[in-house]
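Structure first, commentary second.
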Amino acid sequence: MARILIVDDEKNICELLSLYLRKDGYETDCVYDGSAVVEKFKTFSPDLILLDIMLPGMDGWQVCREIR
């Protein structure tokens, strides 16, 4: 089963995306703060990340650089 990490500070958006993706058979997890993404990336090991750019703590561009 593919894992998708959803990163957005809007909890409603995360929950809606997660609902639809789980319905289609994906395993999902949500993170609402940019500074928590790198640690969650290490523990969750996602196949795909849906990453918002405007995040509190660390913006999406910096998160992307840290993960790479």
Side-chain angles (χ1 to χ4, degrees):
M1 178 184 311
R3 294 176 163 198
I4 300 175
L5 182 61
I6 304 166
V7 183
D8 198 313
D9 58 333
E10 294 286 332
K11 291 184 180 184
N12 291 337
I13 291 173
C14 282
E15 291 172 5
L16 184 63
L17 286 171
S18 183
L19 177 72
Y20 281 110
L21 290 168
R22 277 190 254 154
K23 184 178 174 185
D24 284 339
Y26 296 99
E27 183 178 345
T28 64
D29 202 352
C30 295
V31 178
Y32 310 108
D33 187 283
S35 57
V37 176
V38 177
E39 187 60 37
K40 180 57 82 171
F41 176 78
K42 292 176 185 176
T43 60
F44 187 63
S45 300
D47 298 299
L48 175 73
I49 299 176
L50 298 177
L51 180 61
D52 186 20
I53 298 302
M54 302 295 289
L55 295 167
M58 185 187 308
D59 69 26
W61 297 112
Q62 182 63 34
V63 168
C64 189
R65 284 189 289 273
E66 292 288 326
I67 288 173
R68 284 184 173 181

Report the residue from L55, D52, V63 that forms a side-chain contact (heavy atoms from CB on, under 4.5 Å) with V7. L55

Contacts satisfying salt bridge (Lys or Arg N to Asp or Glu O under 4.0 Å) that involve residues 16-32 (not counting sequence neighbours) are R3-E27, D29-K40

Are V38 and F44 connected, step by step, through hydrophobic side chains (Ile, Leu, Val, Met, Phe, Trp, Tyr) whose heavy atoms are closer than 4.5 Å? no

Which other residues belong to the hydrophobic cluster containing L48, where Ile, Leu, Val, Met, Phe, Trp and Tyr are joined when side-chain heavy atoms lie under 4.5 Å apart, directly or via other members? I4, I6, I13, L17, L21, Y26, L50

Suppose clustering is done on Ile, Leu, Val, Met, Phe, Trp and Tyr with side-chain heavy atoms closer than 4.5 Å. Which residues sit in the same group as Y32? none

How close do G60 and L51 get, heavy atom to heavy atom, and via which atoms? O-CD2, 3.4 Å

Find the distance between SG (C30) and CG (D8) and round it off to the nearest 0.5 Å. 9.0 Å

Residues clustered with L19, ILVMFWY side-chain links under 4.5 angstrom: none

Does Q62 have any side-chain contact (heavy atoms from CB on, under 4.5 Å) partners at least two apart in sequence or in another chain, and if so, which? M58, D59, R65, E66

Let me see the working for C14 and E10 under side-chain contact (heavy atoms from CB on, under 4.5 Å), right down to the final yes or no. CA-CA 7 Å; C14 282; E10 294 286 332; over 6 Å; no

Check side chain to side chain donor-acceptor pair (under 3.5 Å) between D33 and all other residues, then give those that pass, not counting sequence neighbours. S35

Residues which pass side-chain contact (heavy atoms from CB on, under 4.5 Å) with A36, listed by chain and number, not counting sequence neighbours: V31

Sequence neighbours excluded, which residues qualify as side-chain contact (heavy atoms from CB on, under 4.5 Å) partners of I53? W61

Residues at least two apart in sequence or cross-chain that pass side-chain contact (heavy atoms from CB on, under 4.5 Å) with L16, listed by chain then number, are Y20

